[in-house]
Amino acid sequence: MNTGDTAWVLTSTALVLFMTPGLALFYGGMVRAKNILAMLMQNFFAMGIVAVLWVFVGYSLAFGGLGNGGFIGNFDFVGLKGMGSETFGSIPALLFVAFQLTFAVITPALITGAIADRMRFAAWVGFIGLWSILVYLPVAHWIFAGGWLAERGALDFAGGAVVHVNAGAAALVLCIILKARRGWPREAMPPHSLPLTMLGTGILWFGWFGFNAGSALAANGVAAQAFINTFVAASAGMLSWLVVERLKAGHATTLGAASGAVAGLVAITPCAGFVGAVPSIIIGAAAGAVCYLAIQLKFRFKYDDSLDVVAVHLVGGLLGSILLGLFADASVNSAGKDGVFYGGGWSLFGEQVLAVAVVFAFSAVVTAAIAYGLKAVLPGGIRVSEEDEAVGLDLTQHSEVGYSLERV
Amino acid sequence: MNTGDTAWVLTSTALVLFMTPGLALFYGGMVRAKNILAMLMQNFFAMGIVAVLWVFVGYSLAFGGLGNGGFIGNFDFVGLKGMGSETFGSIPALLFVAFQLTFAVITPALITGAIADRMRFAAWVGFIGLWSILVYLPVAHWIFAGGWLAERGALDFAGGAVVHVNAGAAALVLCIILKARRGWPREAMPPHSLPLTMLGTGILWFGWFGFNAGSALAANGVAAQAFINTFVAASAGMLSWLVVERLKAGHATTLGAASGAVAGLVAITPCAGFVGAVPSIIIGAAAGAVCYLAIQLKFRFKYDDSLDVVAVHLVGGLLGSILLGLFADASVNSAGKDGVFYGGGWSLFGEQVLAVAVVFAFSAVVTAAIAYGLKAVLPGGIRVSEEDEAVGLDLTQHSEVGYSLERV
Amino acid sequence: MNTGDTAWVLTSTALVLFMTPGLALFYGGMVRAKNILAMLMQNFFAMGIVAVLWVFVGYSLAFGGLGNGGFIGNFDFVGLKGMGSETFGSIPALLFVAFQLTFAVITPALITGAIADRMRFAAWVGFIGLWSILVYLPVAHWIFAGGWLAERGALDFAGGAVVHVNAGAAALVLCIILKARRGWPREAMPPHSLPLTMLGTGILWFGWFGFNAGSALAANGVAAQAFINTFVAASAGMLSWLVVERLKAGHATTLGAASGAVAGLVAITPCAGFVGAVPSIIIGAAAGAVCYLAIQLKFRFKYDDSLDVVAVHLVGGLLGSILLGLFADASVNSAGKDGVFYGGGWSLFGEQVLAVAVVFAFSAVVTAAIAYGLKAVLPGGIRVSEEDEAVGLDLTQHSEVGYSLERV
Amino acid sequence: MQLIVAIIKPFKLDDVKEAVKDLGVQGLTVSDVQGFGRQRGHTEVYRGAEYTVDFVPKVRIEILADDGDVERVVSKLLEVARTGKIGDGKVWTVPIGDAWRIRTGESGPDAL
Amino acid sequence: MQLIVAIIKPFKLDDVKEAVKDLGVQGLTVSDVQGFGRQRGHTEVYRGAEYTVDFVPKVRIEILADDGDVERVVSKLLEVARTGKIGDGKVWTVPIGDAWRIRTGESGPDAL
Amino acid sequence: MQLIVAIIKPFKLDDVKEAVKDLGVQGLTVSDVQGFGRQRGHTEVYRGAEYTVDFVPKVRIEILADDGDVERVVSKLLEVARTGKIGDGKVWTVPIGDAWRIRTGESGPDAL
Ligand SMILES: Nc1ncnc2c1ncn2[C@@H]1O[C@H](COP(=O)(O)OP(=O)(O)O)[C@@H](O)[C@H]1O
Ligand SMILES: Nc1ncnc2c1ncn2[C@@H]1O[C@H](COP(=O)(O)OP(=O)(O)O)[C@@H](O)[C@H]1O
Ligand SMILES: Nc1ncnc2c1ncn2[C@@H]1O[C@H](COP(=O)(O)OP(=O)(O)O)[C@@H](O)[C@H]1O
């Protein structure tokens, strides 16, 4: 066991856990004041339910049978029994469990942005429990735990596919099934507090260093490369989003700066430990521009992806995973491969396209199954009534009000 | 000296320092807008005064004469002289000083939740100075520095008794002496900004990894165990609080999710490095339910523990410290012992009960003495006048206003 | 390469990156609600543009030709080529690049406080790009990269001169060129959200441990000394500011506590790894009092340093750098020297005075040149029109509104 | 001239504004208010303690109108702001002494 | 019918609402306002710079009442809202042309 | 007695308050409102989607005044609140039945 590696992964695990409250504030600032608590609650609840599932069955099903090239793990580590004195590489096994847990928490949380303002909390409780087990665990096994996709040669350093494409696909399906918010897109629904969104962006960027550089599972050169790549990709994403926004909408906006940075962070996630700094700038810049343009998809195809999870996370994750097929550079990380631009030919590119296609399809299908299943089972269905939507989810789902600012 | 251990404790110290601003926001969101700054100021002021006292006399009185089984330290380390090149275990001695300082800062800060909206700032300045020296230093010596309670065999991994029972007892006494807020409990005093409270919860959960896993003073297996235990106890606390709340009050609330997570974090604090992951879920779940029910105590016994410091921190700290007597498992940590369920018999259980009883009694008595002493000495007493309370503490104590949001 | 050192510098780099969003919120809370987004955007934009410049040319010009005692680096590391497998001391070279990048980001961001509410965003984009290259890179080379000032013997552990005096001088010049805000100082412009400023203070204090203790570039005794020094200097700064404020203005204020802490942090920055704990309290206390009094300068000399960047960062940086000449203690850090009080005579003191004078002059002159250059080049000039200033920069520069809190 | 005052449900504001605009009304002034009436408020729960909040968010519209237009504007308001559910609100008219447009100093109907 | 308008101290709102409810008043409309009068505002200090704020938070209540009830309601308002300290506020009545209930279109006293 | 109501541009509030104070007016009540009129609102852009916001922030001032003072106060309001640009606002007067000072119960002009 290496204390330096353990220190960095302990820190990274805390950083990635902090990203879920950051995501809650990032999305929370963008919804209307009458729905702020419902958005915060859906994200914080993920920190509750997923951890307990993870200890009992989640970790074992995802990471049991490591490298078995299979579809799912096993029950060797139910209740994490016997893992107290084990190590995983140069870090304690229990630390690896905690690190991977933080990824399992934030992935379903990402979905909440697409389904803002209209899902019953009871339905969300059922959905996130089922989704974590039926969708996240298999996909995590395929790629993170040497399952069949990893064995075929697909690369995903920190979760471009496992986290972002996976959540993006589920977000697309669920926001369609839940139908649009009443009044969308005609009625103006401006963010109720952009400072809250900017605070969330700061926490996400801060935590993302743990997300990407922590995935090196060591305090080494690859971690340093992943760190600088993460930094400059976010910066490049911000700049390119602002340039495109300035040209097309006439103004560089604060929400644009935040969105571009997140798009850059999403796209570099699969590539962080496999590419160099300048390619990271290119990947980030591409994401900033492409994700901005992808926002128009929801107006074009009439689906209310309320806070643009599809445009930023699905498109950003797809773009990053596929660009990795071009820019991967084995000289950066021996555990990686060479992409098209580094003489590695098109094999990696093909595996990347296959991997994201499979993850997208699997997540979309099983998400639909879960959603329609819940719709049938839950008496009140999964969508709030029109009256409740008008009054707001804070009051109707949680009988709370977000702000009471009058100084009386 | 081990650079990996040092890196993790450097990080943990920063994380625990960050918990005090987190606590300020956690409590700040729950008070009315006319008292937000007074609550923030009482917590931030702790970061000022306690650090200076700590360097001159605090550290030496708490950790001087380490392991002397006594009542208090000595004056060997006044002004931290000579500690520059020393080490403490595998980390620099000055780092241990800083790490313990962050615990000395947040303990008195916890009291502010019980005495919201009615204590004069001048009185708080006097109180926190005296309390840190007369209450915190001795209790820290008894348990953290091998004082008489530690020598008897009581276990407290990260401060269940030293921090939470200690602060909870003081909170109970001081909120009674200060009498209830005008209009309590009849008048509605809803939280002015629950998003601020949720932000505080995110920072507390993030920082608590440093609080508990940092107390291993090393980047090792025990730190990893403490980390995962802290995570799942918070999650279990959230879930059980929400279940009980749903059944008794009809709604799962956002404030409930935050409160349950904190209750779980408080209860696992004494146990973090001495128990396994599944016992941590049990301890967290117990805390979530018991602390929710403990809130009724203040209505039953008519004391205005405004933000439930007694229900969450006193009861949570007592519960955690006592459950440790049952669930302690020496196979997890050789420095620990076996509890009742692990064949260790009832000796540890007895010591735990004794320890929390002694800490509760000592803190309650000395807190009362300090409060009545200040009441006699300070011309204006320690409570704000009825007019000042009606206008609000921000204006009357600090001549400031928290928010000026109109866009004029 | 040492994994423990690498773990701590990875963490420190993330902490210092987090300080820029912290600074944005610290300043953001102090401006009026109609200008909140413009302040956040100017700071977040620094995280975008500086990183990209840094990878291509910034790092190389600042840290190329390390120790050449010269005026500027070279083009050896353009695009960070070939740095993948290099080390810098006991950490990966790319990590050193990222760590120094975070300093290059926050330095120009500090300037935004002085020019609040009146600079066109397009002008800020041009200014920060040019300033980073023409002012920051040379100054960083002189002191951080063994340039001519470092060679002469000036000490600056974490950027007292390179960051705070440098930014403070630029802030003074730019706020004068931009002229005062309409209505200053007669019209009341109270902070729109002091809780936001307190959140920013908490993040800055948390991140500053990475800023100062990270500059040891290792997880060793010097890092521990820098850590405790940073902690107690902030505490002492808070206490002394509050005492002076209580005496002169009649009230200890929340904004005062925050400002004093930041003043202490600024002053200890150059000294952190070269002095002991008690001297750090003295330096912090001096900064708290001196910076409070320095606020009157802007009323005396009629320049609208809107959020007191001159009073806190310029004066605090000057004070810290000069006091280092008195309190430097080689027994604390062999890489340091002895100041006047430790038998080192006045040579270090002289070099410190020279260094800050040179940095002040250079930054002031080049900043003026950039500002007037932009004024000539940009069609609309660098200042917003009087109408736009009245409507607010959020709407006119970014066509956004910060808050929409009505629950409709 | 008269002042027409209407207390309506917040989400009806856009429809009402468009409707009176089409009637030729040059302007109106709006403010957030809290209403108390037959329509019940709601209950909020914080840590098990229940608070009933009797007030319901409403929007208050003020329209200066010439005598000749009052009747048309009032009936259009009644028509558009109606949901048929409790809490739709009230409309009332107040006689005006005189009115002026600050920019030009014009008074009487020209002030509209 | 008349409109009764009262400007009162914020913490008196609940007492006033309960009092007029007991008098049989069916509803009222409330809004946050800022008052300026004999009652002095306060001083705020930010980094040594003092600002006097002349305005004091008040609450504005509007009650549509039938002529017969106006006198009883006004005297109850005066009684309950009084603290005897400066800044208690004002009450005034305004004659009403007509009033309507949006939900049903009823006018006159039935609209209350 | 009459009630003078003015809708003005927010940044004019301080000047208006000082001006009427100098005329001997003892007090006034102010509230934040949103205005709609000839002065166009603004456009907000969030992720490429444009929203036009028709309402412009204004401030509403209410001054109870004795008949004799109304004319002087109104003309001072018109003079001070004017910028000459669109959106300066409106002033109007409303006849008052009676008025009372809550603290003392005084009615009529003494209530001012
Ligand atoms: N007597 C009154 N005076 C002033 N406002 C009233 C009065 N009665 C009702 N209102 C306003 O009208 C709103 C709706 O009235 P309510 O009695 O709830 O339903 P409805 O209008 O359908 O009868 C109330 O919320 C309140 O704002
Ligand atoms: N002439 C006036 N017109 C409108 N509102 C007024 C007037 N005078 C006072 N008010 C309102 O009444 C409130 C209290 O009045 P004030 O003169 O401070 O004390 P008091 O009511 O005890 O004489 C003021 O804050 C203001 O809101
Ligand atoms: N008919 C009206 N009734 C009530 N308020 C009005 C009316 N017309 C205008 N206002 C108010 O006066 C403000 C300014 O009016 P506007 O037509 O924009 O410019 P001007 O006053 O220069 O003609 C509006 O924003 C609105 O608040």
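Residue numbering restarts at 1 for every chain, and letters A, B, ... go by the order of the sequence lines.
- Of the two parts of E/Leu13, only the side chain, counted from C-beta on, holds a non-hydrogen atom closer than 4.5 Å to a non-hydrogen atom of chain D.
- With a 4.5 Å cut-off on side-chain heavy atoms, E/Val33 and E/Val59 do not count as touching.
- When all heavy atoms of D/Val91 and D/Ala6 are compared, the closest pair comes out as CG2-CB, 4.0 Å.
- For chain D, the nearby part of E/Val94 is the side chain; its heavy atoms alone come within less than 4.5 Å.
- D/Val74 touches chain E through its side chain: at least one heavy atom from C-beta onward sits under 4.5 Å away, while N, CA, C and O do not.
- E/Ala81 meets the side chain to side chain contact (heavy atoms under 4.5 Å, CB included) test with E/Ile8, E/Val16, F/Ile102; sequence neighbours excluded.
- Only the side chain of E/Leu64 comes within less than 4.5 Å of a heavy atom of chain D; its backbone N, CA, C and O stay farther away.
- Neither the backbone nor the side chain of D/Ile4 has a heavy atom closer than 4.5 Å to any heavy atom of chain E.
- Residue E/Gly97 comes nearest to D/Pro95 through the heavy atom pair N-CD, 4.3 Å, listed as atom of the first residue, atom of the second, then distance.
- When heavy atoms are compared at a cutoff of 4.5 Å, D/Phe36 approaches chain E by way of both its backbone and its side chain.
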Checklist entry - Run the side chain to side chain contact (heavy atoms under 4.5 Å, CB included) check on E/Leu3 and E/Ile63 step by step: do they pass? => result CA-CA 6 Å; E/Leu3 179 70; E/Ile63 307 174; 5.9 Å; no

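- Among all heavy-atom pairs drawn from D/Ala99 and D/Ala111, the shortest one is O-CB, 3.6 Å.
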Only pairs under 3.5 Å, no angle test: what donor-acceptor pairs are there between chain E and chain D?
from	atom 1	to	atom 2	distance (Å)
E/Lys17	NZ	D/Asp54	OD2	2.1
E/Leu28	N	D/Phe36	O	2.9
E/Leu28	O	D/Phe36	N	2.9
E/Val30	N	D/Gln34	O	2.8
E/Val30	O	D/Gln34	N	2.8
E/Glu62	OE1	D/Arg60	NE	2.8
E/Glu62	OE2	D/Arg60	NE	3.1
E/Glu62	OE2	D/Arg60	NH2	2.5
E/Gly97	N	D/Thr93	O	2.8
E/Asp98	N	D/Thr93	OG1	3.0
E/Asp98	O	D/Thr93	N	3.0
E/Trp100	N	D/Val91	O	2.8
E/Trp100	O	D/Val91	N	3.0
E/Ile102	N	D/Gly89	O	3.0
E/Arg103	O	D/Arg82	NH1	3.1
E/Ala111	O	D/Lys90	NZ	3.1

